[in-house]
Amino acid sequence: MKKPPRSFYTRPTLTVAKELLGKRLARKVNGQRVSGIIVETEAYRGPIDVVSHAVHGPESKAAPMFGEPGHAYVYFTYGMHYCMNVVTEPTGSGTAVLIRALEADEGIEIMRRNRQRSDTELTNGPAKLCQALDIDKQLNREDLLGNKLWIEDGQTVPKSAIKQTARVGISQGREHQWRYYVEGNSNVSAHPKY
DNA sequence: GGACCGATGTTCT
DNA sequence: GAACATCGGTCCG
């Protein structure tokens, strides 16, 4: 499978967030592929976005958001969870896309072992998919055009199936509809109220 | 299915 | 001290 080029990530964050739907997020664990199709994303639009980690600046833990596009920004939160972002726009922008849900595809046995949950609970949330794919702090700043953690072409999602809503798990910034997901996909994380 | 709530560590005020 | 881009257990339907 073909990896999108660096230029895919250099584009506006909302465009990348939308077009990541249907792409495959993949890992190689002990020589075996573990992957899933991206079905839910959220855009975090840099220092001007009040809920983005980038408001803390390029010297904060969000430093990778200001790095080269097409790299991973993995952060640790709530004392026990990792979440993964894809850095977007030209270097220095501080923008990224949070991967919120996958449809598990390859290496499901490994995901079951990592998660110890039912198959419907493998990758339907940002911290869950990180656990399923064994993504942690070690993969922070990893190049997604590399061969440890990467993104490659997957499926084509019809435009009519892409839904746009407010982001999840934030208190401010609810007026922006910067979350995208594939309508009808059972792996999309729980639907918030508005 | 939903509401509530505790876990647990890093970062920032 | 508080906040936190979350999750899973418990209790209630």
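Chain naming here is simple, since letters A, B, ... match the order of the sequence lines and numbering starts at 1 in each.
- Figure legend: A/R6 and A/Y9 shown without cation-pi pairing, the cationic atom not lying both under 6.0 angstrom from the six-membered ring centre and within 45 degrees of its axis.
- Cation-pi geometry between A/R167 and A/Y44 is satisfied (NZ or CZ under 6.0 Å from the ring centre, within 45° of the ring normal).
- Using a 4.0 Å cut-off, no side-chain N or O of A/R167 falls inside it from OP1 or OP2 of C/dT6.
- Rounded to an integer number of Å, the gap from CG of A/L129 to C1' of C/dC7 is 13 Å.
- The nucleotide whose nearest atom lies closest to any side-chain atom of A/A127 is, among C/dA5, B/dT10, C/dT6, C/dT6.
- Across all strands shown, C/dA5 forms no Watson-Crick or G-U wobble pair with both distances under 3.5 Å.
- Residue A/K128 has a polar side-chain atom (N or O) positioned under 4.0 Å from OP1 or OP2 of C/dG8.
- In the set B/dA7, C/dA5, C/dG8, C/dG8 carries the atom at the smallest distance from any side-chain atom of A/E121.
- Rounding to whole angstrom units, CG of residue A/N85 and P of C/dT6 are separated by 11 Å.
- For C/dG8, one of the phosphate oxygens OP1 or OP2 lies less than 4.0 angstrom from a side-chain nitrogen or oxygen of A/R115.
- In this structure, A/Y78 does not pack face-to-face on the six-membered ring of B/dA7, missing the 5.5 Å centre cutoff or the 30° plane limit.
- Atom C1' of nucleotide C/dC4 and atom OH of A/Y82 are separated by 15 Å, given to the nearest angstrom.
- Put simply, the side chain of A/K128 does not reach to within 4.5 Å of the side chain of A/Q131, judged on heavy atoms.
- Look at A/H81 and you won't find any side-chain N or O under 4.0 angstrom from OP1 or OP2 of C/dC7.
- C/dT6 atom C1' lies 11 Å from atom CG of A/L98, rounded to whole Å.
- Distance from the side chain of A/M80 is smallest for B/dT8 among the nucleotides C/dG8, B/dT8, C/dA5.
- Residue whose closest nucleotide on DNA chain B sits further toward the 5' end, between A/G79 and A/K61: A/G79.
- Checked by atom type and distance alone, the side chain of A/N140 pairs as donor or acceptor with a backbone atom of A/V74 at under 3.5 Å.
- If you measure from atom NE2 of A/H176 to atom C1' of C/dA5, you get 16 Å, rounded to the nearest angstrom.
- When Watson-Crick and G-U wobble pairs are counted only if both distances are under 3.5 Å, B/dT8 pairs with no nucleotide at all.
- The NE2-C1' distance, from A/H53 to B/dT10, rounds to 11 Å in whole Å.
- In this structure, the CZ atom of A/R100 is 7 Å from the P atom of C/dC7, given to the nearest Å.
- Rounded to whole Å, atom C1' of B/dT8 lies 14 Å from atom NZ of A/K137.
- Between A/Y73 and the options A/K61, A/E142, A/H53, A/R141, a side-chain hydrogen bond (donor to acceptor under 3.5 Å, both in side chains) holds for only A/H53.
- Note on A/M84: nothing from the nucleic acid sits closer than 4.0 angstrom, heavy atoms only.
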